[in-house]
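Below: the structure, in structure tokens.
Keep in mind that what you see is a predicted model, and the values were worked out from it rather than measured. Computed from heavy atoms alone, side chains included, the values below leave out hydrogens, waters and symmetry copies.
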Amino acid sequence: MLDQTVARLINEQVNKEFYSAYLYLDFSIYYEAIGLDGFANWYKIQAQEERDHAMLMLQYLQNNGEKVTLETVAKPDKDLQDKLEVLKLGLEHERYVTSLIHAIYDAAYSVKDFRTMQFLDWFVKEQGEEEKNAEDMIKKMELFGDDAKGLYMLNSEMAARTYAAPSLTL
């Protein structure tokens, strides 16, 4: 049985991961609308990853005998107007998610819930990768995004991303 604070935080994170999927799907729609199908692909895959993160956390709660409560997923409320600004919003969001994962980890640590800490280790590592990817995309867009050929190459790079389901075992 999980500590109730830890269980509550993980349950809240399930909803936040689904929100992340919605947010990234919104980013994908924006990029598709402005003709950057590669960036649209990158964020569509990102949305799939976030959904998988939610499902992993949901399964962890169920595996530990906890009731899962799904809440309403909020509509993304960002006004997407600029291709670089969208990338910056993505980094800001990843940093926020990192802070949420750290808060759950801290709660698990405080009650010596080593099993949950081990489960969260994967998410801690994943968040580091997510932030790095977001930072790299911003740097590339700042360097090449105003040049048509550079933007074409970036878009092609983003189009090459394929989906790989997480390999975390519960």
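Taking the six-membered ring where tryptophan is involved, the planes of Y60 and F119 are essentially parallel, since the angle between them stays under 30° and well short of 60°. The aromatic rings of W122 and H53 lie perpendicular to each other, with more than 60° between the two planes, well past the 30° mark.
Y19 meets the ring-ring contact (aromatic ring centres under 6.0 Å, His included) test with H93; sequence neighbours excluded. For E49, the side-chain hydrogen bond (donor to acceptor under 3.5 Å, both in side chains) partners at least two apart in sequence or on another chain are R161. Every residue was checked against the side-chain hydrogen bond (donor to acceptor under 3.5 Å, both in side chains) condition with K16, not counting sequence neighbours, and none meets it. The side chain to side chain contact (heavy atoms under 4.5 Å, CB included) search around A54 returns V14, E17, F18, not counting sequence neighbours.
Side-chain contact between I138 and E142: present, with at least one pair of heavy atoms (C-beta onward) separated by less than 4.5 Å.
Taking 4.0 Å as the cut-off between side-chain N and carboxylate O, E92 and K88 do not count as a salt-bridged pair. Salt bridge E157/K140: present, at least one basic N to carboxylate O contact under 4.0 Å. Between K139 and E135, no side-chain nitrogen of the basic residue sits less than 4.0 Å from a carboxylate oxygen of the acidic one, so the salt-bridge criterion is not met.
Residue T116 holds its OG1 atom at 8.5 Å from CG of L61, rounded to the nearest 0.5 Å.
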Just distance, no hydrogens or angles: give the donor-acceptor pairs under 3.5 Å from side chains in residues 68-81, sequence neighbours left out.
{"from": "D79", "atom 1": "OD1", "to": "Q81", "atom 2": "NE2", "distance (Å)": "2.8"}

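Pairs passing the side chain to side chain donor-acceptor pair (under 3.5 Å) check and including a residue from residues 144-155, sequence neighbours excluded, read D37-N155.
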